[in-house]
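Notes follow once the structure below has been shown.
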Amino acid sequence: MPELPEVEVTKKIIKPYLKGKIINYSIVRNKKLKYFVSDNIVKINNQKILDIKRRGRYIIIILVNNTIIIHLGMTGKLFLINKQYYSYNKHDHIDLIINNNLILRYTDTRKFGFWLWGEKNYQENIFLKKLGPEPLEYSFNNIYLYNFTQKKNIFIKIMLMDNNIVTGIGNIYANEILFLSKILPTRISNTLNFEEITLLVKNIKFILNKSIKYGGSSICDYRQPNGNIGNFYKYFFVYGKKDKLCKICKKKIIKIILRNRSTFFCNKCQK
DNA sequence: CTGTAGACCTGGAGGC
DNA sequence: TGCCTCCAGGTCTACA
């Protein structure tokens with residue numbers, strides 16, 4: 001799925017088309033996503049969209065009295081399409097009809113994503129409340145992360161992917177961030193010194209920002225809402241590159257499994 | 001409490 | 001061409 005950059009790019013693209021517009025009605029073809037789609041979304045009728053926000057990997061549609069909280073799971077995508085060309089495919093589960101001419105369409109092959117009907121105060125939602133800080137905000141800094149790494153002795157990659165510690169870093173970016181920081185994914189968190197954590201935090205912000213700038217990573221089936229593909233995958237150093245030569249030292253990239261997730265690294269560049 | 005498989009679901013790729 | 005196995009941007013739950 002979409003990690004933080006892909007969700008941020010999606011939000012940025014759809015926002016100008018939706019802010020201030022009216023959701024006339026919805027078409028829910030399949031309610032059975034990871035969680036059942038609420039009847040409030042099925043029956044939605046002439047609701048004004050005040051704003052579109054992102055928190056972690058969630059996209060939030062702010063209505064006058066409520067919110068729609070969307071998680072894209074692994075294969076969820078939002079598209080904007082013109083109603084005049086109306087047709088749909090097998091995995092197009094939800095359409096929101098906007099001002100009677102535009103459709104915000106949700107497509108999700110594996111149905112790991114979900115749509116929740118939330119309160120106006122979406123920060124208090126049970127899923128959003130427990131999220132750690134946004135990695136691109138100042139509250140996520142070297143002191144904050146260093147405190148966590150000292151308290152725990154788990155693989156540093158597992159820590160970066162823990163949404164309760166910092167939200168939005170998934171498998172692709174965890175691999176790339178650790179390569180750039182010259183840190184092995186299997187380093188135990190409390191063996192990292194403050195200088196290494198400082199570099200790690202700097203690279204988290206650098207890589208996420210760079211990916212947003214390039215429109216996210218298109219691998220497998222991620223697409224931007226306008227159908228364009230993200231270009232950041234061209235800049236991968238290790239992700240998906242088992243047995244390819246490291247771009248820096250020419251040694252073979254190694255793949256292992258950590259917590260059931262593919263993990264890629266160069267054991268010469270990373271210590 | 002902590003850490004870890006397994007679960008959810010579908011389709012594409014590669015081996016035979 | 002067909003069947004089988006493995007793999008995939010996430011994350012919740014059950015279990016040791």
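Order of the sequence lines sets the chain letters (A, B, ...), proteins ahead of strands, with each chain counted from 1.
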Within this structure, what is the CG-to-P distance between A:L72 and B:dC8, rounded to whole angstrom? 22 Å
So what does A:D108 touch, heavy atoms closer than 4.0 Å: a base, only the sugar-phosphate, or nothing? nothing
Side chain of A:H71 (C-beta onward), nearest among B:dT4, C:dG10, C:dC12: C:dG10
Among C:dT11, C:dC12, C:dC7, find the nucleotide with the atom closest to the side chain of A:R57. C:dT11
Distance in angstrom units between A:I257 CD1 and B:dT4 P, rounded: 14 Å
Rounded to whole Å, please give me the gap between NZ in A:K242 and P in C:dC6. 14 Å
Nearest listed nucleotide, side chain of A:K255, among B:dG11, C:dC12, C:dC7: C:dC7
Short side-chain donor-acceptor distance under 3.5 Å, A:D108 and A:Y106: yes
A:N209 side chain vs A:K205 backbone, donor-acceptor pair below 3.5 Å: yes
Report which part of the nucleic acid A:K152 touches: base, sugar-phosphate, or nothing (heavy-atom distance under 4.0 Å, all strands). nothing
Is a side-chain donor or acceptor of A:T198 paired with a backbone partner of A:N142 at a separation under 3.5 angstrom? no
Can you tell me, in whole Å, how much space there is between the P of C:dC3 and that of B:dC9? 23 Å
Check whether any side-chain N or O of A:Q150 sits under 3.5 Å from a backbone N or O of A:N147 as a donor-acceptor pair, and report yes or no. no
Taking the six-membered ring for Trp and the single ring otherwise, decide whether the centroids of A:F179 and A:F265 are under 6.0 Å apart. no
Near DNA chain C, under 4.0 Å by heavy atom, which residues of residues 30-42 of chain A? A:K34, A:Y35
On a plain distance test, is the side chain of A:R110 in donor-acceptor contact with the base of C:dA8 below 3.5 Å? yes
Which one, C:dT11, C:dG10, C:dC7, comes nearest to the side chain of A:N163? C:dT11
Taking the ring centre of each residue, are A:F127 and A:F114 less than 6.0 Å apart? yes
Is there a stack between A:F112 and B:dC9, judged by ring centres under 5.5 Å and planes under 30°? no
Student check: side-chain heavy atoms of A:D95 and A:R29 closer than 4.5 Å: yes
What's the CZ-C1' distance between A:F114 and C:dC12, to the nearest Å? 10 Å
I need the CZ-P distance between A:R259 and C:dC7, as an integer number of Å. 19 Å
Where each residue is assigned the nucleotide of DNA chain B containing its nearest heavy atom, which of A:N260 and A:I154 is assigned the position nearer the 5′ end? A:I154
Separation of C:dA8 C1' from A:F236 CZ (nearest whole Å): 13 Å
In Watson-Crick or G-U wobble terms, both distances under 3.5 Å, what is the partner of B:dC9? none
Would you say A:H91 reaches B:dC9's phosphate, i.e. side-chain N/O to OP1/OP2 under 4.0 Å? no
Could you tell me the separation between the NZ atom of A:K77 and the P atom of B:dC9, rounded to a whole number of Å? 18 Å
Just how far, in rounded Å, is C1' of B:dG3 from CD1 of A:I165? 13 Å
More than 12 non-hydrogen atoms from neighbouring residues, nucleotides or ligands closer than 6.0 Å to OH on A:Y88, yes or no? no
